[in-house]
Amino acid sequence: MDEPQRLGDFLLRRGISRRAFMKFCTAMASAMAMPPSFAKSMAKNLESAKRESVIYLSFQECTGCAESLTRSHSPTLETLIFDFISLDYQDTLMAAAGRAAERAKEEAIKRAGPGGYLVVVDGSVPLGAGGAYSASGGKTSLQILGDTIENAAAVICVGTCSSFGGIPYADPNPTDARSVSQLMEAGKVPSKPVINVSGCPPIPVVIAGTLAHYLTFGRIPELDHLNRPKPFFGETIHDRCYRRPYYEEGKFAQAFDDEGARSGWCLYELGCKGPITYNACATTKWNGGTSFPVESGHGCLGCSEPGFWDGGSFYKPLSAGMLGDPGTLGAAAAAGAAVGAGAAWAHRRRNARAKEEG
Ligand code: SF4
Ligand code: SF4
Ligand code: F3S
């Protein structure tokens, strides 16, 4: 039986009730910080959204991004959105291999026509050794990326590796890895609209939400200065962290097993990078809304920011310039570090005064 071409019909056939669909739209509207009325128009547009052809390319990556998607709590509407899109090529998940897989990709691109398909990329692209570090079907990753995105409507970079280089890009970057945006800026591949859904790995709900936004409005969402969708990356982890009141009170855990940690105090002094990290973990959380790193007792590592592997110790309090390429995150990092350092300093002063007083 052919799959329905409209999302509303598709969900109906999968047994998704109108009530569950509305709940999903309301949750998405809230995650995107939109007013409740937005959920209604989203539902209306999404119901009649057409199947979108998507080609998913994997380059220098650890498969964590794909794992994050496929191992997400299921079955949910998020995963059904992925089922609904026409995932015409994903070399880890698809049954076809070798020439048959490459043929499927070429046919999907031809069928969709110019501007008729999206390309999702995870992993960075190596330029070293003529691209020999990552090749498939006799083509380097650079060639594959360039050929595939030539007629794409947009490129969605899933994960920090494709968005900003990630682990392969970390010093000393032995493969001369590049992010998709860097390759476009250098004119090595055709320039296309890029959406960076960063994170190591990225949050499945955020990827689904970005796709849902595209399906709903037929255009990409508003982006920040690093091309991340603002509805999900508009605030820092710190902005929405439930431990924030302790931060404001100057109550900081000093060790992972001390009284402060057990009482749920702020993890700033244990290296939390929440003040300079833009992502939706504190609101959407992970694993079906169960928890997120800070809630499980570990500071945020800053995994959705450029250069987080090289930025400094994960377990040292923030200091200026710890995260980010010079000129991109510098100002935000400096501001976050200054705010955090101010709170921590005030806390130490209070402790010192208390000791002096007796
Ligand atoms: Fe793996 Fe993280 Fe890179 Fe995704 S972003 S491929 S999880 S290293
Ligand atoms: Fe939460 Fe970290 Fe900010 Fe503390 S520093 S309030 S633990 S995000
Ligand atoms: Fe990453 Fe920080 Fe979220 S480490 S998973 S952005 S809490």
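Remember, it's 1-based here, ligands and their atoms both numbered in the order they're listed.
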Worksheet item: Quick one: which of Asn279, Val294, Thr236 has a heavy atom closest to atom 6 (S) of ligand 3?
Response: Asn279
Worksheet item: Strictly under 2.8 Å, is any N, O or S atom of Cys266 next to atom 1 (Fe) of ligand 2?
Response: no
Fill in: Element-labelled atoms of ligand 2 that are located less than 4.0 Å from some non-hydrogen atom of Arg244
6 (S)
Response to the item:
heavy-atom search around atom 4 (Fe) of ligand 1 in the protein gives Cys65 SG, 2.2 Å
Fill in: Criterion side chain to side chain contact (heavy atoms under 4.5 Å, CB included) on Val125 and Val189, from CA distance to verdict
CA-CA 11 Å; Val125 174; Val189 294; over 6 Å; no
Discussion item. To check your reading of the model: name the closest protein heavy atom to atom 5 (S) of ligand 3, its residue, and the distance in Å.
Written reply: Cys281 SG, 3.5 Å
Practice prompt. Have a look at Leu267, Ile276, Asp239 and point out the one with the heavy atom closest to atom 7 (S) of ligand 2.
Written response: Leu267
Item to complete: Among Tyr268, Tyr278, Tyr247, find the one that has a ring pair (Phe, Tyr, Trp, His ring centres under 6.0 Å) with His238.
Response: Tyr247
Practice prompt. Decide, counting backbone as well as side-chain atoms, whether Cys161 has an N, O or S atom less than 2.8 Å from atom 3 (Fe) of ligand 1.
Written response: yes
Worksheet item: What is the nearest protein non-hydrogen atom to atom 1 (Fe) of ligand 1, stated with its residue, atom name and distance?
Response: Cys62 SG, 2.3 Å
Practice prompt. Go through the steps to decide whether Cys300 and Cys272 satisfy the test side chain to side chain contact (heavy atoms under 4.5 Å, CB included), and finish with yes or no.
Written response: CA-CA 5 Å; Cys300 167; Cys272 181; 3.9 Å; yes
Worksheet item: Should Pro293 be listed as contacting ligand 3, given a heavy-atom distance under 4.0 Å as the test?
Response: yes
Response to the item:
The closest protein heavy-atom partner of atom 4 (S) of ligand 3 is Leu301 N, 3.1 Å
Worksheet entry | Distance filter under 4.0 Å to Pro201 heavy atoms, resulting ligand 1 atoms | 7 (S)
Fill in: Shortest protein contact, atom 2 (Fe) of ligand 1 (heavy atom only)
Cys200 SG, 2.3 Å
Worksheet item: Got a donor-acceptor contact below 3.5 angstrom from the Thr160 side chain to the Gly199 backbone?
Response: yes
Worksheet item: For ligand 3, is there an atom lying under 4.0 Å from some heavy atom of Trp286?
Response: yes
Practice prompt. Could you tell me whether ligand 1 has any atom less than 4.0 Å away from a heavy atom of Thr160?
Written response: yes
Practice prompt. Under 4.0 Å from a heavy atom of Glu61: give me the atoms of ligand 1 that qualify, with their elements.
Written response: 6 (S)
Worksheet entry | Top protein contact for atom 2 (Fe) of ligand 3, by heavy-atom distance | Cys300 SG, 2.3 Å
Worksheet item: Is a donor on one side and an acceptor on the other found under 3.5 Å between the side chain of Glu61 and the backbone of Thr63?
Response: yes
Discussion item. Which of the numbered atoms in ligand 1 are under 4.0 angstrom from any heavy atom belonging to Gly199?
Written reply: 5 (S)
Worksheet entry | Ala104 backbone acceptor or donor facing Glu107 side chain under 3.5 Å | no
Practice prompt. Output the list of atoms in ligand 3 that are nearer than 4.0 Å to some heavy atom of Thr277, sorted by atom number.
Written response: 6 (S)
Worksheet, complete the sentence: One finds that the ligand 2 atoms under 4.0 Å from a non-hydrogen atom of Cys272 are 2 (Fe), 5 (S), 7 (S), 8 (S)
Worksheet entry | Side-chain donor or acceptor of Asp258 paired with backbone N/O of Gln254 under 3.5 Å | yes
Worksheet entry | Geometric cation-pi criterion, Lys251 with Tyr246: 6.0 Å, 45° | no
Practice prompt. Determine whether Ser179 and Ser162 make a side-chain contact, defined as any pair of heavy atoms from C-beta on separated by less than 4.5 Å.
Written response: no
Worksheet item: Quick one: are Met184 and Arg178 in side-chain contact, heavy atoms under 4.5 Å?
Response: no
Discussion item. Using a 4.0 Å cut-off to any heavy atom of Val294, which atoms of ligand 2 qualify?
Written reply: 7 (S)
Practice prompt. Name the closest protein heavy atom to atom 3 (Fe) of ligand 2, giving the residue it belongs to and the distance to 0.1 Å.
Written response: His238 ND1, 2.2 Å
Practice prompt. Classify the side-chain pair Gln60/Thr175 by whether it contains a donor and acceptor separated by less than 3.5 Å.
Written response: yes
Item to complete: For Gly302, counting its heavy atoms only, list the atoms of ligand 3 lying under 4.0 Å from any of them.
Response: 4 (S)
Practice prompt. Go through Cys200 and Phe308 one step at a time and tell me if the side chain to side chain contact (heavy atoms under 4.5 Å, CB included) criterion holds.
Written response: CA-CA 10 Å; Cys200 186; Phe308 88 100; 4.0 Å; yes
Discussion item. Which residue and atom name correspond to the protein heavy atom nearest atom 1 (Fe) of ligand 3, and how close is it?
Written reply: Cys303 SG, 2.3 Å
Worksheet entry | Under the ring-ring contact (aromatic ring centres under 6.0 Å, His included) test, residues paired with Phe217 that sit two or more places apart | Phe38, His213
Fill in: Trace of the side chain to side chain donor-acceptor pair (under 3.5 Å) decision for His298 with Tyr315
CA-CA 10 Å; His298 195 286; Tyr315 299 103; 2.7 Å; yes
